[in-house]
Amino acid sequence: MLDSKLRFFLQRCVVLEQAKQVHAQLVVNRYNHLEPILVHQTLHFTKEFSRNIVTYVKRILKGFNGHDSFSWGCLVRFLSQHRKFKETVDVYIDMHNSGIPPSSHAVTSVLRACGKMENMVDGKPIHAQALKNGLCGCVYVQTGLVGLYSRLGYIELAKKAFDDIAEKNTVSWNSLLHGYLESGELDEARRVFDKIPEKDAVSWNLIISSYAKKGDMGNACSLFSAMPLKSPASWNILIGGYVNCREMKLARTYFDAMPQKNGVSWITMISGYTKLGDVQSAEELFRLMSKKDKLVYDAMIACYTQNGKPKDALKLFAQMLERNSYVQPDEITLSSVVSANSQLGNTSFGTWVESYITEHGIKIDDLLSTSLIDLYMKGGDFAKAFKMFSNLNKKDTVSYSAMIMGCGINGMATEANSLFTAMIEKKIPPNVVTFTGLLSAYSHSGLVQEGYKCFNSMKDHNLEPSADHYGIMVDMLGRAGRLEEAYELIKSMPMQPNAGVWGALLLASGLHNNVEFGEIACSHCVKLETDPTGYLSHLAMIYSSVGRWDDARTVRDSIKEKKLCKTLGCSWVEGSYH
DNA sequence: GTAGGGTTAG
């Protein structure tokens, strides 16, 4: 009697607190045999991932009724479904070490987790163990094996596991299809696709997605048209394909035509506009979206930071905290927010983030670390930055560049150089940003020879110097008084020199009271910028410094004539090219 | 088994 009553309550346990209350009742009444149902219900109805539930369930599993294979399986599946792959494997191993035989659910889930993490080390023994436990006759487990081997590129093993399946279902076929697509065998994949007896949306989506990823939108589009029942994912794949080709017009056409847009559709479009720098269109979509979730906030905040609008990013971050108090920002949100603060020079923000991170138990991953490294370097907290850098799981081009850039800003040429040497030794390819940092480090230290060597070595890494790199070189040569050389370098540029480049020459001309180059540089700057006030007053200053008062006055008068505000010019000189 | 959010410069 009480048994069925409890079961009734259990099925309505959708919140952890309720589950805890019912569980207390179970224990008091010694109905522990119902614990597995409680575990199952609690995990099954949990939509948002919560660490509290995991902790709670783990406690149950360690307790009186912990020898239940079913409950362990539920937890393994829960973790895998919420993309906590590392933990999935950990709990599975924990289960194994506790002497619990695995359920087919547990094995299927842990295989998926291994696949996602590309973890063959654990995957192989799990396969062997499943065999030993007689689980390899189960379609789900067998299909899981196909999925694991497919994802890891062992297409022969995947094929073998597939052939062993007595009654293949569509998921089994799709896993194999995935394997051929993953290993780049598109023709064989196509043959498998054609052989699938009952193609479902995933079968179609897999093959369409592989064309879209390759940028072959012709094939992607015609398959999409041929697809009988399109799922939202099909539309999103097509939209994503056009976004990757920067065909926002076409992406928008499909987006507008899509019958049931979901969060993914909106985010795909917003991030597409982000990459093209079309903040306005991104904003427009963001405003139109009715139910904004955390992910779309993340996308829009990133849009602002990536397009040099850090203030807007922070405003939106504040809004996100206000309006969605139940949504916690995570390491992804924070990496953008840290970047925004760094752009604004709010170097003290690091302290706030640190306490926020510890308070909310947010894990610091490599990407968040990289943005913090950038922040610390700009704030002059080198010890912290270097420590964080050495603690990275995997150092890449971006993190090295952040460090080198920081050294560049702070004139630490020696450190920049040794970081650069280290990354080359580790075969991490430098990019244009790396060289911006390195060059500015040499420039700030007046190491002209080193700077030249570095500039010329860019081509060895298949990199073309950009106008910005030329700008730093001109600045470096100019500061060293080698104006003629700087001018020659500008004339040799394969692209149109920008205002920054000429501005650097103008600045150097002022430093060395050189009228000739000052005039040349200024004339170009005036042509390139809408507000020439700053450049002109700088030229006037050069005239004055060599005693050409009349010329200085003429230039100043011309500024007045244009009724332009002189104070603007002063701010340009102060904030001029470094 | 398919689709979405992040880090370095200017």
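Just so you know, these numbers use all the heavy atoms, side chains as well, and skip hydrogens, waters and symmetry mates. Just so it is clear: chains get the letters A, B, ... in the order the sequence lines come, proteins before strands, and each one is counted from 1.
Between A:R77 atom CZ and B:dG1 atom P the separation is 13 Å, expressed in whole Å. One atom, CG of A:L419, and another, P of B:dT8, lie 17 Å apart when rounded to the nearest Å. Atom-to-atom, CE of A:M495 to P of B:dG10 comes out at 17 Å; the value is rounded to the nearest Å. Rounded to whole Å, atom C1' of B:dA3 lies 11 Å from atom CG of A:L238. Atom CG in A:L152 sits roughly 12 Å away from atom P in B:dG1 (whole-Å rounding). The CD atom of A:E182 sits 9 Å away from the P atom of B:dT2 (whole-angstrom rounding). Summarising the geometry, the separation between CG on A:D396 and P on B:dT8 is reported as 12 Å, rounded to the nearest angstrom. Following rounding to the nearest Å, A:R83 (CZ) and B:dG4 (P) show an atom-to-atom distance of 10 Å.
The shortest distance between side-chain heavy atoms of A:Y149 and A:H127 falls below 4.5 Å. Considering only heavy atoms from C-beta on, A:F389 comes within 4.5 Å of A:L419 through its side chain. A:P429 places a side-chain heavy atom less than 4.5 Å from the side chain of A:T397.
When only modelled atom types and interatomic distance are considered, A:K378 and A:S342 share a side-chain donor-acceptor pair under 3.5 Å.
Closest to the A:V398 side chain, of the nucleotides B:dT8, B:dG4, B:dG10, is B:dT8. Here the nucleotide nearest the side chain of A:S336, chosen from B:dA9, B:dT7, B:dT8, is B:dT7. Comparing B:dG1, B:dT8, B:dG4 by their nearest atom to the side chain of A:T170 picks out B:dG1. Checking B:dT8, B:dG6, B:dA3 against the side-chain heavy atoms of A:A302 singles out B:dG6 as nearest. Nearest nucleotide to the side chain of A:R112, out of B:dT2, B:dG1, B:dG6: B:dG1. Looking at the side chain of A:T436, the nearest of the listed nucleotides B:dA9, B:dT7, B:dT2 is B:dA9. Checked against B:dT8, B:dG4, B:dG6, the side chain of A:A402 finds its nearest nucleotide in B:dT8.
Note: A:F435 and A:H461 have tilted aromatic rings, judged against thresholds of 30 and 60 degrees for the angle between ring planes. The aromatic rings of A:W352 and A:Y356 lie parallel to each other, with less than 30° between the two planes, well short of the 60° mark. Below 30°, between 30° and 60°, or above 60°: for A:Y470 and A:F455 the angle between ring planes is above 60°, a perpendicular geometry.
A:N307 comes within 4.0 angstrom of no nucleic acid atom, judged by non-hydrogen atoms across all strands. Among the atoms of the strands shown, only primed sugar atoms or phosphate atoms (P, OP1, OP2) are found under 4.0 Å from some heavy atom of A:T305. Here A:Q306 lies in heavy-atom contact (under 4.0 Å) with sugar-phosphate atoms only.
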**Study point:** Worked verdict on A:S336 versus A:S339 for side-chain hydrogen bond (donor to acceptor under 3.5 Å, both in side chains)
**Key:** CA-CA 5 Å; A:S336 287; A:S339 164; over 6 Å; no
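Within 6.0 Å of atom NE2 in A:H105, 12 or fewer heavy atoms from other residues, nucleotides or ligands are found, so the atom counts as exposed in its surroundings.
The shortest distance between the side-chain N/O atoms of A:K213 and the OP1/OP2 oxygens of B:dT2 is not below 4.0 Å. OP1 or OP2 of B:dT8 has at least one side-chain nitrogen or oxygen of A:S339 nearer than 4.0 Å.
The only option from A:W266, A:Y297, A:Y273 that meets the ring-ring contact (aromatic ring centres under 6.0 Å, His included) definition with A:F286 turns out to be A:Y297.
Counting atom types as modelled, A:D365 pairs a side-chain N or O with a base atom of B:dG6 as donor and acceptor under 3.5 Å. For B:dG6, the base has a donor-acceptor partner in the side chain of A:S335 [N/O atoms by modelled type, under 3.5 angstrom].
Within residues 192-205 of chain A, the residues approaching DNA chain B are A:D200, A:V202, A:N205, by heavy-atom distance under 4.0 Å. Taking every heavy atom of residues 367-387 of chain A and every atom of DNA chain B, pairs under 4.0 Å involve A:L367, A:L368, A:T370, A:S371, A:D374, A:K378, by number.
Considering only residues two or more places apart in sequence or on other chains, A:R191 meets the salt bridge (charged side-chain N to carboxylate O under 4.0 Å, His left out) condition with A:E188.
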